[in-house]
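Accompanying notes for the structure given below.
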2 protein chains.
Amino acid sequence: MTVAHPGPAVAARDVESAAALMRERGLRVSAARRLVLEVLFATREPVRAERIASGLEGRFPRSDLGSVYRNLETLEQVGLVRHLHLGHGPGLYALADGRPSEYLLCESCDAVRVVVPAQLDRVRRLLHERFGFEARFSHFPIVGTCADCARRASAEQADP
Amino acid sequence: MTVAHPGPAVAARDVESAAALMRERGLRVSAARRLVLEVLFATREPVRAERIASGLEGRFPRSDLGSVYRNLETLEQVGLVRHLHLGHGPGLYALADGRPSEYLLCESCDAVRVVVPAQLDRVRRLLHERFGFEARFSHFPIVGTCADCARRASAEQADP
DNA sequence: TTCGATGCAAATAGTTTGCATTCTA
DNA sequence: TAGAATGCAAACTATTTGCATCGAA
């Protein structure tokens, strides 16, 4: 899960071009490795390793969970894959597309709001001015309470 | 680790007043439970459960790790304790003082910058205006690159 | 034909839980 | 003395690793 040297993100069009890139880097394209890519291309959202190993619950052949983890790490080093953590729970893996999504996670209802990085640029700028800190919300999200839950909470407080 | 109903934060002056509060809530103050409190009062920073169970490496009697976890959960429900997660790695537990600290975590060097909530109020306001989202950085930190590492990275890029 | 990758199983880290026993209120 | 909390062990989730074998280039 923890990648030593995650390379710069690479957006591949499809499994074949991803496979070609692997070979360019001197890596082999085995059946198990191709399968991880196929699953990631099939579901365009972040998934846990277990779900990949299950072949999306049967839509693809099952594969060994240990190998899935190893391949995800390799793919992340190459830059084809990124992983993120949404609160507690397992890491989630997805194809790296050019500009990574960023996330707002509600702790009350577990809702995840996906936003494009530009929407957080002002927040990022503010943090940079204040602390010289370059914030990223693509690997770990912003955590708190979403609008719905906040409204609900204050309603309950007014009328218990 | 995951607390069902974390009560409102309560700041206790010392172990005895914390113990008194426990009894007020109808909870018992056993030796093991008092020990958790003593360790938390002795070290004023967030610590992992394992470190509590070890009695801060021998300064206090060792206790059972399972019971430590159970007691931390109970203490968190009462509001005396809060836990946080700094990136990967185990959860960290600390006494709840009135206004919880918030955190900036650097992914390159693992440095943790502790800030008082007021320093992030503009960030919070911005997020609330944009998304109606109430962000907290006390349970999960803001993750990114600290000023030092950012400087180092751009220096390396200029002079490789 | 080589050595990178696999599959299986065992190991690890962090945390939770069942249960007979202990001890607080 | 009732039942809350303990201590120990086992279970569990997420992830990593050792190793003999296999297969892609």
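Side chains included, hydrogens not; waters and symmetry mates left out as well; all remaining heavy atoms used. Naming: A, B, ... by sequence-line order, numbering from 1 per chain.
Annotation: of the two residues near DNA chain D, Asp64(A) and Arg48(A), the 5′-most nearest-nucleotide partner is Arg48(A). Heavy-atom nearest nucleotides on DNA chain C were determined for Pro90(B) and for Leu27(A), and the one closer to the 5' end corresponds to Leu27(A). Projected onto DNA chain C by closest heavy-atom contact, Ser63(A) and Leu92(B) fall at different nucleotides, the more 5' of which corresponds to Ser63(A).
Rounded to an integer number of Å, the gap from CD of Glu73(A) to P of dA14(D) is 18 Å. Protein atom CZ of Arg34(A) is 14 Å distant from nucleotide atom P of dA5(C), rounded to whole Å. The distance between atom NE2 of His85(B) and atom C1' of dT15(C), rounded to the nearest whole Å, is 11 Å. Rounded to whole Å, the distance from CZ on Arg33(B) to C1' on dA25(C) is 13 Å. Atom CG of Asn71(B) is separated from atom P of dT24(C) by 14 Å (rounded to the nearest Å). One interatomic measurement links the two molecules: CZ of Arg23(A) to C1' of dA24(D), which rounds to 9 Å at whole-angstrom precision. Atom pair Leu35(A):CG and dA5(C):C1' shows a separation of 14 Å (rounding to whole Å applied). Whole-Å rounding puts the Glu50(B) CD to dT16(C) P distance at 14 Å.
Under the 4.0 Å criterion applied to side-chain N and carboxylate O atoms, Arg34(B) and Glu16(B) are assigned as salt-bridge partners.
Residue contacts for Arg70(A): at a heavy-atom cut-off of 4.0 Å it reaches a base atom on one of the strands shown. Ser30(B) comes within 4.0 angstrom of the backbone, heavy atoms only, and of no base. Within the nucleic acid shown, Leu65(A) comes within 4.0 Å of at least one base atom, counting heavy atoms only.
Below 30°, between 30° and 60°, or above 60°: for His88(B) and His85(A) the angle between ring planes is above 60°, a perpendicular geometry.
Nearest to the side-chain atoms of Ser67(A) among the listed nucleotides dA25(D), dG7(C), dA5(C) stands dG7(C). Here the nucleotide nearest the side chain of Arg28(B), chosen from dA4(D), dA5(C), dT15(D), is dA4(D).
Leu86(A) pairs with exactly one of Asp110(A), Val143(A), Val112(A) by the side-chain contact (heavy atoms from CB on, under 4.5 Å) rule, that one being Val112(A). With Leu104(A) as the fixed residue, the side-chain contact (heavy atoms from CB on, under 4.5 Å) test singles out one of Ile142(A), Val114(A), Thr145(A): Ile142(A).
Side chains of Asn71(A) and Leu35(A) form no contact here, defined as non-hydrogen atoms less than 4.5 Å apart.
Dashed line: the shortest gap from a side-chain N or O of Tyr69(A) to OP1 or OP2 of dT15(D) is under 4.0 Å.
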